[in-house]
There are 2 protein chains.
Amino acid sequence: MSNEEHSDAYSPENFRTPDGAPSDIVIFTITSREKATPKKALPTRELQVLLIKRKVWPYEGKWALPGGFCKETESMYECALRELREEAGVTDVHMEYFNVYSKPGRDPRGWILSHAYFALVHEHKLINRRADTDASDVRLFPLEEALAMELGFDHGDMLRDALARVREKMLTTTIAREFLPEEFTISELYQVIQTVVPTFEEPNFIRKITSTQSRQGIIEEARDSEGRPKSSNRYSQRAAQLYRFTEYSPGLSIYG
Amino acid sequence: MSNEEHSDAYSPENFRTPDGAPSDIVIFTITSREKATPKKALPTRELQVLLIKRKVWPYEGKWALPGGFCKETESMYECALRELREEAGVTDVHMEYFNVYSKPGRDPRGWILSHAYFALVHEHKLINRRADTDASDVRLFPLEEALAMELGFDHGDMLRDALARVREKMLTTTIAREFLPEEFTISELYQVIQTVVPTFEEPNFIRKITSTQSRQGIIEEARDSEGRPKSSNRYSQRAAQLYRFTEYSPGLSIYG
DNA sequence: AAAATAGTGTCTCTCAGACATTATGCT
DNA sequence: AGCATAATGTCTGAGAGACACTATTTT
């Protein structure tokens with residue numbers, strides 16, 4: 001066995017090892033507020049990000065993403081789940097890994113590699129938490145505001161990267177479901193997509209999404225126990241047909 | 001400041017820190033062999049993966065992915081680039097990060113979190129290397145064979161995950177270019193896609209890819225300095241039009 | 001009636017899918 | 001002539017895009 005530079009004979013004693021491997025989580029939610037109009041109307045929706053105010057060095061007093069150090073007894077995903085629960089009081093949500101942040105010097109505490117996740121949380125899951133927490137140190141920020149802030153560490157990069165990934169996935173997968181109730185109207189779905197991807201615009205959205213031939217059954221009509229279509233007039237005078245996502249997830253291709 | 005479990009007052013002395021943070025790289029290439037026919041014909045293409053035979057504990061004698069430990073002075077991506085160069089002799093290729101592997105106990109040497117990349121390498125870039133390397137310990141394996149092998153660590157999982165990711169990206173992005181020369185024929189492109197994604201089948205492939213209306217200009221005709229279309233009879237009696245990828249990368253959506 | 005959202009009719013043009021047919025140059 | 005690959009012709013029906021129009025219920 002040789003001692004060449006790419007030797008496999010690694011042993012922790014011979015090299016500097018990392019000082020920690022945390023996970024950080026970009027928690028997105030969509031808040032909805034009733035419009036001020038006296039009549040029924042679609043709510044105003046806004047994409048929000050959860051941030052935590054740091055109480056200790058480094059970046060004391062700055063806002064940053066929730067997160068924390070991984071333990072040797074858990075996987076990185078389990079670590080992120082734990083932090084999600086401990087810091088945001090949230091369980092059972094869609095969470096995905098998206099990148100590692102490892103630039104030397106990114107953390108003044110030492111050589112620390114951060115593993116970034118994003119989570120998509122339904123508004124209702126955060127409402128409980130907001131009651132029993134000191135709102136001054138854990139808060140939702142509107143996306144635009146959060147993007148303009150100077151966050152601790154390289155969390156600004158993480159936020160931008162997470163957002164780009166979520167926007168892409170919003171259009172190519174059915175993650176919109178994470179922000180919707182089981183049964184929803186086409187307008188709600190359209191609104192959610194537009195809230196995450198402001199450039200999204202489809203004048204004939206209803207036609208496309210419900211023409212079951214080409215995009216085969218991403219969603220289906222909700223029906224009651226007797227098979228009659230269910231509708232809702234939550235947001236409108238005229239009741240709208242309710243839909244639900246199916247299990248089907250289409251495969252996309254640029255070649256055909 | 002409190003000592004509660006999710007305190008920010010982390011300091012390396014108080015907790016166990018990782019014993020290492022390596023990167024491992026799944027290097028894909030497509031080999032092409034001339035057919036045995038006397039006449040001109042399309043070559044036989046095969047997706048291959050580069051593996052290295054381990055010489056030391058753990059998994060001594062087993063085949064595994066190339067990789068190695070990250071240094072505190074480099075980012076994880078730089079680490080992967082270095083390993084790619086040191087272990088496979090490859091530079092300037094498409095490489096992407098795709099996951100972290102962190103299951104407790106995954107590495108008998110300790111608490112080691114591995115960061116997995118895939119690289120797409122043109123056959124030509126590996127040919128040089130194969131000459132000056134002992135072919136007995138660094139080798140290309142046909143994909144199917146590699147999948148059936150028992151690799152060291154959790155590298156079997158990495159290989160399967162990398163393959164799934166590359167297959168998805170082959171259909172949704174223009175990474176096919178990584179396996180093709182600057183200018184190529186439609187048949188070559190079709191073959192490359194099928195080599196990576198065996199289920200891909202498009203009877204009217206030429207029509208679709210060259211109808212510049214809908215999939216606007218993913219590729220364009222190659223032309224000589226006088227603007228005349230260039231063609232090649234590398235693989236056929238009848239010369240075929242050459243194409244090149246443009247910079248355009250289409251955005252896909254399930255909603256319209 | 002006015003407002004607000006839900007949903008349909010209709011037209012044009014492109015394109016997908018299928019399959020047959022022609023084109024070119026080598027052996 | 002026979003072959004392998006390259007490329008076009010032609011038909012059908014689905015669907016995208018645009019825009020006007022109708023439907024339903026509340027205020």
Side-chain angles (χ1 to χ4, degrees), chain A residues 32 34-45 171 183-194 200-219 221-222 229-243 250-256, chain B residues 32 34-45 171 183-192 194 200-222 229-243 250-256:
Chain A
S32 57
E34 302 293 314
K35 280 208 187 93
T37 30
K39 304 186 179 181
K40 281 187 183 177
L42 286 167
T44 303
R45 295 184 199 259
L171 297 182
E183 301 180 348
F184 51 88
T185 67
I186 300 292
S187 296
E188 280 183 285
L189 171 58
Y190 190 62
Q191 253 203 331
V192 163
I193 298 173
Q194 281 202 321
F200 183 77
E201 213 163 299
E202 282 294 336
N204 279 347
F205 187 63
I206 295 188
R207 312 291 280 260
K208 287 192 174 175
I209 197 82
T210 57
S211 74
T212 53
Q213 213 77 319
S214 70
R215 23 204 119 270
Q216 290 145 277
I218 296 166
I219 59 172
E221 293 186 355
K230 289 168 77 175
S231 59
S232 153
N233 63 344
R234 242 179 307 186
Y235 305 123
S236 60
Q237 287 73 13
R238 174 168 174 180
Q241 173 65 45
L242 288 171
Y243 289 85
L252 293 170
S253 166
I254 61 173
Y255 294 116
Chain B
S32 57
E34 302 293 313
K35 280 210 186 93
T37 30
K39 303 186 182 183
K40 282 188 183 176
L42 287 166
T44 304
R45 295 184 199 260
L171 297 181
E183 301 180 346
F184 52 87
T185 67
I186 300 292
S187 297
E188 282 183 285
L189 172 57
Y190 190 62
Q191 253 203 329
V192 163
Q194 281 202 319
F200 183 77
E201 212 164 301
E202 282 295 335
N204 278 347
F205 187 64
I206 296 188
R207 312 294 280 260
K208 287 191 175 174
I209 197 83
T210 57
S211 73
T212 53
Q213 213 76 318
S214 70
R215 23 206 119 267
Q216 291 145 277
I218 296 166
I219 60 171
E220 65 188 4
E221 293 186 356
K230 289 168 76 175
S231 59
S232 154
N233 62 344
R234 242 179 306 188
Y235 305 123
S236 61
Q237 288 72 14
R238 174 168 174 180
Q241 173 66 45
L242 288 171
Y243 290 84
L252 294 169
S253 166
I254 61 174
Y255 294 117

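What you see is a predicted model; the values in this text were computed from it and never measured. FYI, side chains are in, hydrogens and waters are out, and symmetry mates aren't considered; it's all heavy atoms of this structure. In what follows, chains are A, B, ... by sequence order, proteins preceding strands, each numbered from 1.
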Length of the [atom1]-[atom2] vector between [X] and [N], whole Å:
X: B:Tyr190; N: D:dA6; atom1: OH; atom2: P; result: 12 Å
X: A:Tyr243; N: C:dG7; atom1: OH; atom2: P; result: 6 Å
X: A:Arg234; N: C:dA4; atom1: CZ; atom2: P; result: 20 Å
X: B:Ile209; N: D:dA6; atom1: CD1; atom2: C1'; result: 16 Å
X: A:Glu201; N: D:dC19; atom1: CD; atom2: P; result: 13 Å
X: B:Phe205; N: C:dC19; atom1: CZ; atom2: P; result: 20 Å
X: B:Gln191; N: D:dT5; atom1: CD; atom2: P; result: 9 Å
X: A:Ile186; N: C:dA4; atom1: CD1; atom2: P; result: 22 Å

Can A:Glu202 and A:Arg207 be said to form a salt bridge (charged side-chain N to carboxylate O under 4.0 Å, His left out), step by step?
-> CA-CA 10 Å; A:Glu202 282 294 336; A:Arg207 312 291 280 260; over 6 Å; no
Note: A:Lys230-A:Glu221 ion pair, threshold 4.0 Å (strictly below) | no
Touch check for A:Leu42, heavy atoms < 4.0 angstrom, all strands: base, sugar-phosphate only, or nothing?
-> sugar-phosphate
Among D:dA7, D:dA6, C:dT5, find the nucleotide with the atom closest to the side chain of B:Gln241.
-> D:dA7
Side chain of A:Gln237 (C-beta onward), nearest among D:dT5, C:dG7, C:dA4 | C:dA4
Non-hydrogen atoms of A:Pro43 and A:Gln191 that approach each other most closely = O-NE2, 2.8 Å
DNA chain D: A:Glu202 or A:Asn233, which has the more 5' nearest nucleotide?
-> A:Glu202
Encode nucleotides 8-13 of chain D as B, S and - characters from 5' to 3', where the letter depends on protein heavy atoms closer than 4.0 Å: B to the base, S only to sugar-phosphate, - to neither.
-> BBB---
Is B:Val192 close to B:Phe184 at the side-chain level, that is, under 4.5 Å between some pair of heavy atoms?
-> no
Parallel, tilted or perpendicular, as decided by the 30° and 60° cut-offs, for the rings of B:Phe205 and B:Tyr190 | tilted
Would you please name every residue forming a side chain to side chain contact (heavy atoms under 4.5 Å, CB included) with B:Ser187, sequence neighbours left out?
-> B:Leu42, B:Thr185
Could you pull out all residues at least two apart from B:Asn233 that satisfy side chain to side chain contact (heavy atoms under 4.5 Å, CB included)?
-> B:Lys40, B:Ala239
